[in-house]
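By convention here, the first residue in the shown sequence is residue 1.
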Amino acid sequence: MSTYFTIGEISKFFNIPIKTLRYYDEIDLLKPARINKDNKYRYYSVEQFIKIDLIKHFKATGMSLEVIKSILNSDCSIELVLENIKLQSKKL
């Protein structure tokens, strides 16, 4: 059984505004693991912590959300990920 965390808890753990987490859900970058049908509360699982960390690190390099989304939501190779990181490093 997985442990779930509210959007507020995730916001505090990762220092990401709740509004940003809602936006990530809206653009299908980071969908909650579960949404309560009655009150529409979003819940995230421990398994999503790595994805949240990756989003934060990629974003810190200046990578666009669209590129991050394509990397995380596809079966792309590690070579493609490294190529994107190198491109961002050159831009910085």
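- When all heavy atoms are compared, the tightest approach of M63 to I71 is SD-CD1, 3.8 Å.
- At a threshold of 4.5 Å between non-hydrogen side-chain atoms, the residues I10 and T6 do not count as touching.
- Tested against F58 for a side-chain contact (heavy atoms from CB on, under 4.5 Å), the candidates D53, L72, V67 yield a single pass: L72.
- Linking ILVMFWY side-chain heavy atoms closer than 4.5 Å, directly or via other members, places I35 and L21 in two distinct hydrophobic clusters.
- Applying the ring-ring contact (aromatic ring centres under 6.0 Å, His included) rule to pairs touching residues 9-41 yields F5-F13, F14-F49, sequence neighbours excluded.
- Counting only residues at least two apart or in different chains, salt bridge (Lys or Arg N to Asp or Glu O under 4.0 Å) contacts with residues 22-31 comprise D25-K31, D25-R42, D28-K31.
- Summarising the geometry of I68 relative to K59, their closest heavy-atom pair is CD1-N, 3.7 Å, with the distance given to 0.1 Å.
- Under the side chain to side chain donor-acceptor pair (under 3.5 Å) criterion, N36 pairs with no residue, sequence neighbours left out.
- A donor-acceptor pair is defined here as one N or O able to donate and one able to accept, closer than 3.5 Å; such a pair exists between the side chain of S11 and the backbone of I16.
- Proximity of P32 to Y43: side-chain heavy atoms (C-beta onward) are nowhere separated by under 4.5 Å.
- In this structure, the side-chain contact (heavy atoms from CB on, under 4.5 Å) partners of N15, at least two apart in sequence or on a different chain, are K56.
- Rounding to the nearest 0.5 Å places OG1 of T3 at 8.0 Å from CD of E47.
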